[in-house]
Every structure is written in structure tokens, then in C-alpha cells.
Amino acid sequence: DVKVTQSSRYLVKRTGEKVFLECVQDMDHENMFWYRQDPGLGLRLIYFSYDVKMKEKGDIPEGYSVSREKKERFSLILESASTNQTSMYLCASGPIVSVTEQYFGPGTRLTVT
Amino acid sequence: AQSVTQPDIHITVSEGASLELRCNYSYGATPYLFWYVQSPGQGLQLLLKYFSGDTLVQGIKGFEAEFKRSQSSFNLRKPSVHWSDAAEYFCAVGPGTSGYNKLIFGAGTRLAVHP
């Protein structure tokens, strides 16, 4: 079974803090993704990566950055957290061969106060 | 522009009743289509997918979906709903024009099941 794990299920941070969300997958997938999920908006893609040290902006990259130093790990960074970044963050991975299913982690619910 | 519309935000059905969740898409070519389910506090799990071929696809947990090109729809169905089906359901289409491996998600439909 594919397993995608995220470092925290719940996180509370203060405005202005630097926040790291970590994601690890065990299926040797090339592609990894970070989404945020908000009620009524579905999932919106923040960033994705198709290889180590490669990254591409998604639909809402502002205020975020990412890091992929190893194939299995994809980090999302909030340089200076703001209250409008309070959300559920979902990580996913998938093989590069085609747009097949993406395998999702359990999510991190981030609250910025 | 590519988009996915799930017209129903909330749906409530009785246990044992049939279910149909609607999904309409806007896409310039033949899309890849997906349905995901998210149980409370969990990530998304793939229910089924359509790439080509038979327009009626079977998925896990007794779900099926039918691709209708003329209606730009990919509705999810289940003949008899179980209480454990209460969850949020997302329709998705890909690939996105700005990324080969991107998916575009609908806003989701939350399903409640009455005993």
C-alpha cells in the first residue's frame, strides 16, 4: 500500500512565524503535490514537484515556498504565517508516467492566530 | 478555462437508498476523470477513475460512475448507501493545461446518511 505521511495532524502557530509542513511518501513516486483545502473551494494546488530539487507553482503559490531535497520528502514552508493561511493542507504523491491517481496523506490542519 | 462543478454542496439520503452525486466539467479535450472520497479527519481516497474505453466504470466500496461526453458529466452512483458512506466526495479532472500531472478539483459534495 502506498503511504503518504504528514508530520503533524494539527498545528497552531502565531502570525509571523515560519512554519514547516513535512510530507514523506514511500512509493518512490516522482511527483509530489501540496494542496490547501477550504470549505466551498475544494482543493487548490499550491506547488508541485516532479523531481528532486524541481518545483512548479500551482494555482495559489503566494506566501508559500517548497523544498524537495530527497525524492521521498516534500516540504511546504510558510515564510511568515498569516491568519489567512489557516487551512487544511494536504500532501499527495503520484507516479510520473501519467495523470493517474494521486495518493493523499491525512492532512495537517493549521491554525494561525 | 478548465473547471469542475459539483452542483450539490450537501446531500442527505436514508440508509439503503440509492445515491447519485453530480459532476460537470469544462475541458477542451477528452479528460481523465476521478472521484475521491474524504472521511472526516482523513485524506482523500480514490474511488474510481476514467481514462478511456467503457464509459461506465466501477470503483471501490460499490460505487460506479458514468462518463457522458454529450453532457460533460461524470456522475457518481451507488445503488444502496451505507451509514459508513457519510463523507465528502470530490470530482476531479486532469491533466491541467499548465501542468501535465495536475488535477482540477470540484468544491465537493458532503453526504449525510440517515439511519
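Residue numbers start from 1 in every chain, and the chains themselves are labelled A, B, ... in the order their sequence lines are given, proteins ahead of strands. Everything quoted here is computed from the prediction, not taken from an experiment.
- Only the side chain of A:Arg9 comes within contact range of chain B, with at least one heavy atom under 4.5 Å from a heavy atom of that chain.
- When all heavy atoms are compared, the tightest approach of B:Ala107 to A:Gly40 is CB-O, 3.3 Å.
- Paired with B:Tyr36 under the rule ring pair (Phe, Tyr, Trp, His ring centres under 6.0 Å), one option of A:Tyr35, A:Phe104, A:Tyr103 passes, and it is A:Phe104.
- A:Ile77 and A:Met54 are assigned to two separate hydrophobic clusters, defined by single-linkage of ILVMFWY side chains at heavy-atom distances under 4.5 Å.
- Rounded to the nearest 0.5 angstrom, A:Gln102 CD and B:Phe105 CZ are separated by 5.5 Å.
- In this structure, chain A has heavy atoms under 4.5 Å from both the backbone and the side chain of B:Leu44.
- In this structure, A:Leu43 CG and B:Leu103 CG are separated by 9.5 Å, a value rounded to the nearest 0.5 Å.
- Of the two parts of A:Gln6, neither the backbone nor the side chain holds a non-hydrogen atom closer than 4.5 Å to a non-hydrogen atom of chain B.
- More than 12 non-hydrogen atoms from other residues, nucleotides or ligands lie less than 6.0 angstrom from CD1 of A:Ile60.
- B:Val81 and B:Phe63 fall within a single hydrophobic cluster, where Ile, Leu, Val, Met, Phe, Trp and Tyr are joined by side-chain heavy atoms under 4.5 Å apart, directly or via other members.
- Under the 4.5 Å side-chain contact rule for hydrophobic residues, A:Phe33 and A:Tyr64 do not share a cluster.
- When heavy atoms are compared at a cutoff of 4.5 Å, B:Gln45 does not approach chain A at all.
- A single hydrophobic cluster is seen to contain both A:Leu45 and A:Leu90, as judged by linkage of ILVMFWY side chains at heavy-atom distances under 4.5 Å, directly or through other members.
- Environment of CZ in A:Arg44: crowded, with over 12 heavy atoms of neighbouring residues, nucleotides or ligands closer than 6.0 Å.
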